[in-house]
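Remember, predicted model here, so these are calculated numbers, not experimental data. Here, residue 1 is the first one in the sequence, and each next residue gets the next number.
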Amino acid sequence: MPENNYSDFTHKPERALAISAIKKGLDREQLLEHIDELEFLAETAGADIIAKVIQELDSINPATVIGKGKIQEIKQLIEEEQITLVIFDNDITPVQARNLEKNFNIKVIDRSGLILDIFAKHARTIEAKTQVELAQLEYLLPRLTRMWPHLSKQYGGIGTKGPGETQIETDRRVIKTKIQKLKSKLIEIDKQKLVQKKGRESLPRFALVGYTNAGKSTLMNMITEADVQVENKLFATLDTTVRTFKLPNGNKALLSDTVGFIRKLPAHLIASFRSTLAEAKDADVLLHIIDISNKAYTEQIDAVLETLDALNIKNKPIINVFNKIDLLTDNFELKNFMKLYPDALFISAQRGLNISNLLRVMEERYNQQSKIFSIKIPYSDLNLLNILYSKFDVQSRKDLDDGIFCEVKVINANFDYFKNVFSQFIIN
Ligand SMILES: Nc1nc2c(ncn2[C@@H]2O[C@H](COP(=O)(O)OP(=O)(O)OP(=O)(O)O)[C@@H](O)[C@H]2O)c(=O)[nH]1
Ligand SMILES: [Mg+2]
């Protein structure tokens, strides 16, 4: 079986056509933003968008998405412009892709396929590579039949005849076994990460989250003097970096930078990148980095919140950080944003604007967080009960035979003090 034929285009510049087929009456401005984003994704993957087609439809054709007339029109455009790849902004089914490829005689992929390619291209660590491979195989499985035989002439390695159904069944079985192996490998990697994480537990943890290209890695580098790769490309970061830095009070803390989110992140990728995406789960406070210069910033905010929700990490304390304020045209614009988002911070990670203020807010928000501790004070240490009641928020109490059991709410700022005094008596 040839390797990743559907993603071959990442290795040579392609002339691509972008299509967005939508039902009539949808918001046109939003549609244009989506197709701009598709163009940015294509560029990142190494393809030039030569032409863009927006097709408003009464209904989506189940076999080919668009109608016969449009197919002919596009065929002509493909010939005239020597286009080698068609990219749909819509999700298309394997059957639709196969039918369209038969018509156009070139490769047809959708947004998910494109994102998958970018991930494959940018994966560096074993974990990221394994996660991408898993997502690719899951994506490939239902599409296996369309690789053969109608495209066999274009793909060198396949041979002229094209395998029959038996061959496809064998390939399917091989892929399914491989998928299982990759899943087990990821579980192993996860276990190793747990071991590495030990010892870091007591430091305050902050995590950068946000839409891809918002400036998370730039801010990471600014705050922690790390050298995470920064690029004007989508999904420049696919792995997680954790670094220490100092809060204004001089205490050490941890900051993590990880993969960015995007509207409609493909399900296969969410599933296989779950552990990397959920890196923010361990954080005490999240920093949501928003690109203030992007016209679609509100949609991007929503996409990030939806992804956090899908990963079950929406309820963490979040500081909204609007980045790239240096790109705003005037102060008036910034003031308007500040009115709209009174609790947010406004920075430029690149120019280092307002970073000390951000660090101050990070410290404040961390200190406001609290945890509930269960403790049992033996009757021989009853003097500690006074300290407990005078300094902390006792939420429940049970007088047992061998001591007094309490649940105590402690704000992070008082953690060290609490732990020093009650260390022997903390149950959890
Ligand atoms: N003008 C300006 N550009 C910025 C600023 N911060 C980041 N950038 C640029 O925005 C682009 C993306 O920055 P990254 O830090 O790679 O963004 P990211 O959020 O880590 O992106 P992914 O890793 O792809 O999710 C780069 O070209 C940066 O130079 C800023 O404050 N102002
Ligand atoms: Mg990054």
Side-chain angles (χ1 to χ4, degrees), residues 2-22 30-57 60-61 64-67 69-122 132 135-136 139-140 143 146-147 150-156 212-213 231-236 262-266 268-269 296:
E3 270 196 10
N4 301 341
N5 266 324
Y6 63 93
S7 67
D8 260 3
F9 78 92
T10 54
H11 304 301
K12 49 184 191 283
E14 289 263 353
R15 295 173 62 81
L17 171 78
I19 305 184
S20 179
I22 51 142
Q30 204 175 55
L31 187 77
L32 292 174
E33 279 159 8
H34 289 179
I35 208 143
D36 279 350
E37 185 175 84
L38 190 72
E39 185 168 12
F40 198 3
L41 281 165
E43 259 171 37
T44 299
D48 291 336
I49 300 285
I50 305 298
K52 298 178 198 172
V53 175
I54 293 176
Q55 176 69 345
E56 288 185 294
L57 300 161
I60 302 279
N61 184 323
T64 50
V65 190
I66 47 180
K70 200 73 195 172
I71 288 183
Q72 285 313 319
E73 226 176 89
I74 291 174
K75 257 178 99 162
Q76 206 175 340
L77 192 63
I78 287 172
E79 272 164 33
E80 278 166 17
E81 298 290 340
Q82 295 172 339
I83 284 164
T84 50
L85 172 72
V86 173
I87 310 171
F88 270 80
D89 190 45
N90 327 39
D91 281 334
I92 54 174
T93 64
V95 174
Q96 287 168 340
R98 181 169 64 221
N99 291 335
L100 286 163
E101 283 181 346
K102 272 186 192 158
N103 274 294
F104 296 149
N105 222 13
I106 58 174
K107 282 166 284 179
V108 176
I109 62 169
D110 62 8
R111 199 169 175 277
S112 295
L114 189 58
I115 293 176
L116 215 51
D117 268 13
I118 295 171
F119 270 62
K121 208 171 136 193
H122 293 181
V132 172
Q136 280 182 318
Y139 182 84
L140 178 64
R143 288 169 174 77
R146 80 168 166 107
M147 316 288 301
H150 64 282
L151 285 176
S152 55
K153 283 199 192 97
Q154 283 176 28
Y155 296 125
T212 178
N213 212 45
E231 268 187 288
N232 191 22
K233 278 187 175 170
L234 301 177
F235 301 110
I262 197 164
R263 181 180 65 88
K264 285 169 66 194
L265 198 60
H268 296 313
L269 277 175

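Here Lys52 contributes atom NZ and Glu39 contributes atom CD; the two are 4.0 Å apart, rounded to the nearest 0.5 Å. Considering CG of Asp36 and CG of Leu31, their distance stands at 10.0 Å, rounded to 0.5 Å. The CG atom of Leu85 sits 11.0 Å away from the CG atom of Asp48 when rounded to the nearest 0.5 Å. To the nearest 0.5 angstrom, Ile71 atom CD1 is 7.0 Å from Asn61 atom CG. Rounded to the nearest 0.5 Å, atoms CD1 (Ile118) and CG (Leu41) are 4.5 Å apart. Here the CG atom belonging to Leu265 is positioned 6.0 Å from the CD1 atom belonging to Ile115, to the nearest 0.5 angstrom.
Closest non-hydrogen pair, Ile60 versus Ala21, comes out as CD1-O, 4.0 Å. Nearest heavy atoms, Asn213 versus Lys233: OD1-O, 3.3 Å. Of all heavy-atom pairs between Gln136 and Ala120, the closest is NE2-CB, 3.5 Å. Taking every heavy atom of both residues into account, Ala42 and Ile49 meet most closely at CB-CD1, 3.7 Å. What you find for Thr44 and Lys121 is that their closest heavy atoms are O-NZ, 2.9 Å. Of all heavy-atom pairs between Ile19 and Ile74, the closest is CD1-CD1, 3.5 Å.
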Original post:
When you look at Ile66 and Gln96, which way does the side-chain contact (heavy atoms from CB on, under 4.5 Å) test go after all the steps?
Top reply: CA-CA 10 Å; Ile66 47 180; Gln96 287 168 340; over 6 Å; no
**OP:** Please test Glu14 against Ile87 for side-chain contact (heavy atoms from CB on, under 4.5 Å), starting from the C-alpha separation and ending with a verdict.
**Re:** CA-CA 11 Å; Glu14 289 263 353; Ile87 310 171; over 6 Å; no
**OP:** Start with the C-alpha distance between Asp89 and Ile54, add both sets of side-chain angles, then the distance that settles side-chain contact (heavy atoms from CB on, under 4.5 Å), and finish with yes or no.
**Re:** CA-CA 10 Å; Asp89 190 45; Ile54 293 176; over 6 Å; no
Subject >> Glu73 and Val53: CA distance, side-chain angles, deciding distance, side-chain contact (heavy atoms from CB on, under 4.5 Å) verdict >> reply: CA-CA 11 Å; Glu73 226 176 89; Val53 175; over 6 Å; no
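The aromatic rings of Phe235 and Phe119 sit tilted relative to each other, their planes meeting at an angle between 30° and 60°.
Counting heavy-atom neighbours within 6.0 Å of Glu80 CD, excluding the residue itself, gives a total above 12.
The closest side-chain heavy-atom distance from Thr93 to Val65 is not below 4.5 Å. Leu38 has its side chain out of reach of Ser20: every pair of non-hydrogen atoms, C-beta onward, lies at least 4.5 Å apart. The shortest side-chain heavy-atom distance between Val86 and Leu100 does not fall under the 4.5 Å cut-off. Inter-residue side-chain proximity for Leu57 and Lys70 is flagged as unmet; no heavy-atom pair is nearer than 4.5 Å. The closest side-chain heavy-atom distance from Leu17 to Phe104 is not below 4.5 Å.
A donor-acceptor contact under 3.5 angstrom links the side chains of Arg263 and His34, judged on distance only. For the residue pair Asn90 / Asp110, no side-chain donor-acceptor distance below 3.5 Å is found, with atom types taken as modelled.
With sequence neighbours left out, Arg15 forms a side chain to side chain donor-acceptor pair (under 3.5 Å) with no residue at all. The side chain to side chain donor-acceptor pair (under 3.5 Å) search around Asp91 returns Ser112, not counting sequence neighbours.
By the 4.0 Å N-to-carboxylate-O rule, Glu101 lies too far from Arg98 to be salt-bridged with it.
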